[in-house]
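Structure, as structure tokens:
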Amino acid sequence: MKQILVTWIVASSALAAGCASGPDLADTGIVRAETTIDNAAQSGAQEHSLSELDDAREKLVAAKLAAEQGDEEQAARLAEEAELKAQVAMAQAQYAEADTSLREVQKGIDLLRRELQVNDNPGGTQ
């Protein structure tokens, strides 16, 4: 739930930043992208969505390079792309973890059903 809230806040910030312009936009976008990439890595994207996370990191490096070269518009665009890639990585990691949890619950239910069948039929005939 915390990750969803963080993602929502970041996405809202991205929309609000879309109306801004100038060097601050690139710097702010780079910081947001770095934060989102860190959050994605901590949410399990390293294991479940490495390619998206790597793409986000590459876009971030390119954004920083563009900012260093004075191309603030390009830097802001690349930072936004990095942030979005990181959000996708985070969502994929959350999905994978939820899917794993679901499978564990299903295994537990199957085990309980088998135990109930054995208890309902103590003689061993089914």
Next item on the list: Starting from I109, walk the hydrophobic network (Ile, Leu, Val, Met, Phe, Trp, Tyr; side-chain heavy atoms closer than 4.5 Å) and list everyone else you reach, by chain and number.
Entry: V105
Next item on the list: Kindly give the heavy-atom pair with the smallest separation between A40 and A86, and that separation in Å.
Entry: CB-O, 3.5 Å
Margin query: Would you compute the distance between atom CZ of R57 and atom CG of D55 and round it to the nearest 0.5 angstrom?
Written below: 11.0 Å
Item checked: Spacing of K85 atom NZ and D54 atom CG [to the nearest 0.5 Å] -> 11.0 Å
Item checked: Spacing of E34 atom CD and I30 atom CD1 [to the nearest 0.5 Å] -> 7.0 Å
Margin query: If you define the side chain from C-beta out and look only at heavy atoms, does anything of Q92 sit under 4.5 Å from H48?
Written below: no
Note to self: Are more than 12 heavy atoms, taken from residues, nucleotides or ligands other than Q46, located less than 6.0 Å from that residue's CD atom?
What the structure shows: yes
Next item on the list: State the CG-OG1 distance between L53 and T36, to the nearest 0.5 angstrom.
Entry: 11.0 Å
Note to self: For A79 versus A33, what's the shortest heavy-atom pair and its separation?
What the structure shows: O-CB, 3.5 Å
Next item on the list: Evaluate the criterion side-chain contact (heavy atoms from CB on, under 4.5 Å) for residue pair E73 and D71; output intermediate values, then yes/no.
Entry: CA-CA 6 Å; E73 185 176 318; D71 191 347; 4.1 Å; yes
Checklist line | Qualifying residues under side-chain contact (heavy atoms from CB on, under 4.5 Å), relative to A91, sequence neighbours excluded | finding: none
Next item on the list: Any chance you could pull the hydrophobic cluster mates of L112, using side-chain heavy atoms under 4.5 angstrom and chaining through other members?
Entry: none
Notebook entry, point to check: With sequence neighbours left out, which residue pairs that include part of residues 103-113 fulfil the side chain to side chain donor-acceptor pair (under 3.5 Å) condition?
Noted result: D99-R103
Item checked: For V61, the rest of its hydrophobic cluster, which grows through side-chain links under 4.5 angstrom -> none
Check: Does A45 offer a backbone N or O that forms a donor-acceptor pair with the side chain of S49 under 3.5 Å?
Finding: no
Notebook entry, point to check: Distance from D27 atom CG to R32 atom CZ, nearest 0.5 Å?
Noted result: 11.0 Å
Notebook entry, point to check: What residues, two or more places apart in sequence or in another chain, satisfy side-chain contact (heavy atoms from CB on, under 4.5 Å) together with R77?
Noted result: Q74, E81
Check: If you measure from CG on L78 to NZ on K64, what distance do you get to the nearest 0.5 Å?
Finding: 13.0 Å
